[in-house]
There are 2 protein chains.
Amino acid sequence: MHLFWEHGYEATSLAMLREAMGLTPPQIYNAFTDKETLFRKALTRYHETEIGFALEALSAPVPTREAIRRLLLSAAEAYSRPGKPGGCLFVSGALAASPQAQAIADELKAYRKASEAAIAERLAKGSAMGDLPEGPSVEGLAKYIAGVMNGMSIQARDGASAEELRIMAQTALAALPADRQNRGASSKE
Amino acid sequence: MHLFWEHGYEATSLAMLREAMGLTPPQIYNAFTDKETLFRKALTRYHETEIGFALEALSAPVPTREAIRRLLLSAAEAYSRPGKPGGCLFVSGALAASPQAQAIADELKAYRKASEAAIAERLAKGSAMGDLPEGPSVEGLAKYIAGVMNGMSIQARDGASAEELRIMAQTALAALPADRQNRGASSKE
DNA sequence: CAGGTTTCGTATCGATCGATATGGAAGATT
DNA sequence: AATCTTCCATATCGATCGATACGAAACCTG
């Protein structure tokens with residue numbers, strides 16, 4: 001998973017995976033069928049073990065703005081963990097791909113779209129509760145937040161520290177209109 | 001250039017380049033030495049022909065916030081031009097790379113850092129002119145803006161329309177404190 | 001028009017990719 | 001203990017990568 005995270009799908013060779021896992025080629029193919037299946041296994045594992053912060057932040061019983069704040073700040077941490085590759089696997093796994101790997105690129109794109117949809121869903125809930133007063137539409141706001149997280153992923157890959165990512169998250173949050181209710185209650189910006 | 005832009009450095013094969021340019025392998029190597037040199041030529045050409053909007057926006061004689069507004073909005077256009085690959089070559093060229101292509105990945109990272117530095121320079125100028133009142137530091141703000149542009153690049157690659165990118169740009173701009181002087185003079189948000 | 005030179009496309013190079021066939025060691029059964 | 005079966009690491013597969021050697025066609029020179 002770390003190798004795919006660091007180098008992306010296509011640039012990670014079987015030889016690298018073999019050395020990292022300490023397995024022989026037949027062992028790999030017996031266990032994972034082929035490289036594509038192995039990558040998909042890594043994707044689901046990544047989703048389960050490294051991306052929990054997103055669901056946690058979006059489902060917390062807090063005002064909408066606070067939920068987004070938690071989402072962005074925990075992303076800042078997750079994208080700059082020591083000992084882990086920088087950024088998000090869903091972004092660096094295959095932003096650009098050869099025609100043969102288009103299926104993989106499409107799958108990663110679907111993961112990114114799903115993240116944006118989850119954000120939009122949370123925003124829609126907030127909007128229905130009168131928690132998200134004026135400003136851009138839910139879809140536009142979700143695209144902005146998802147986009148900022150993608151941007152944080154690239155900044156992390158370029159060496160941004162956790163503190164720098166936190167600042168970026170805080171700055172991004174300033175674009176969101178303040179809550180009408182619970183204003184400043186649980187936020188300590 | 002379009003092939004590298006669409007598929008990235010490593011995933012673009014000599015066979016694709018050969019077909020696109022209508023050249024035979026020796027012609028390519030006579031003209032460009034090797035694949036790496038060809039890619040660097042494409043990079044400089046991209047910088048000259050597709051990224052002019054950035055320098056134009058940052059050097060325009062307008063208030064700081066208006067300059068950033070123009071930067072983000074023109075990026076929204078540039079990243080979603082019909083007939084061109086989505087996003088920015090500096091991002092999709094090689095976000096993740098194999099160890100052999102690390103030099104290319106580092107060079108692209110340097111381009112991204114230079115963009116951020118250019119933004120920081122413009123912000124510093126504005127700050128010195130009292131044009132950028134309170135809020136985060138110049139470096140933090142520059143990292144935010146550059147990060148948002150990187151995020152827009154990914155959203156564009158995922159199929160976001162020019163209008164959706166414009167909305168994202170406008171939303172991102174809301175995070176910037178309003179100018180103390182010339183407030184709303186040249187901005188039509 | 002003949003000879004010599006240059007140019008350029010084809011065919012192929014060694015290396016590496018993802019994936020697999022094969023020979024030999026380990027363990028089970030009679 | 002001898003034989004047979006099972007399992008697994010090495011060696012290798014065809015395909016493709018980036019890059020180049022070589023032979024034929026074109027062109028200039030005498």
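Here is the naming used below: chain letters follow the sequence lines, and residue numbers restart at 1 for every chain.
- If you measure from atom CD of B:Glu36 to atom P of D:dC17, you get 18 Å, rounded to the nearest angstrom.
- Interatomic distance, CD of A:Glu164 versus OG of B:Ser137, reported as 9.0 Å (0.5 Å rounding).
- Of the residues listed (B:Arg112, B:Arg40, B:Lys113), the one engaging B:Glu107 in a salt bridge (Lys or Arg N to Asp or Glu O under 4.0 Å) is B:Arg40, and it is the only one.
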Inset, instruction - Walk me through it: do B:Glu66 and B:Arg69 pass the test salt bridge (Lys or Arg N to Asp or Glu O under 4.0 Å)? - result: CA-CA 5 Å; B:Glu66 168 65 12; B:Arg69 192 183 73 90; 2.9 Å; yes
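- Under a 3.5 Å cut-off, the side chain of B:Ser92 and the backbone N or O of A:Ala96 do not form any donor-acceptor pair.
- Non-hydrogen atoms lying under 4.0 Å from DNA chain D are contributed by nothing in residues 1-10 of chain A.
- Rounded to whole angstrom, the span from the CG atom of A:Asp34 across to the P atom of C:dT20 amounts to 8 Å.
- Just one residue in the list B:Tyr46, B:Trp5, B:Tyr9 forms a ring-ring contact (aromatic ring centres under 6.0 Å, His included) with B:Phe90, and that residue is B:Tyr46.
- Classification of B:Arg45 and B:Glu50 as a salt-bridged pair fails, no side-chain N sitting under 4.0 Å from a carboxylate O.
- One interatomic measurement links the two molecules: CD1 of B:Ile28 to P of C:dG9, which rounds to 11 Å at whole-angstrom precision.
- Residue contacts shown for B:Thr12 are limited to sugar-phosphate atoms, with no base heavy atom under 4.0 Å away.
- Checked by atom type and distance alone, the side chain of B:Ser127 never pairs as donor or acceptor with a backbone atom of B:Leu123 at under 3.5 Å.
- For B:Gln27 and C:dG9, the shortest distance from a side-chain N or O to OP1 or OP2 is below 4.0 Å.
- In this structure, CG of B:Asn30 is placed 10 Å from P of C:dG9, rounded to the nearest angstrom.
- B:Ser153 places no side-chain N or O within 3.5 Å of a backbone atom of B:Met149 that could act as its donor or acceptor partner.
- Taking every heavy atom of residues 13-25 of chain A and every atom of DNA chain D, pairs under 4.0 Å involve A:Thr24, A:Pro25, by number.
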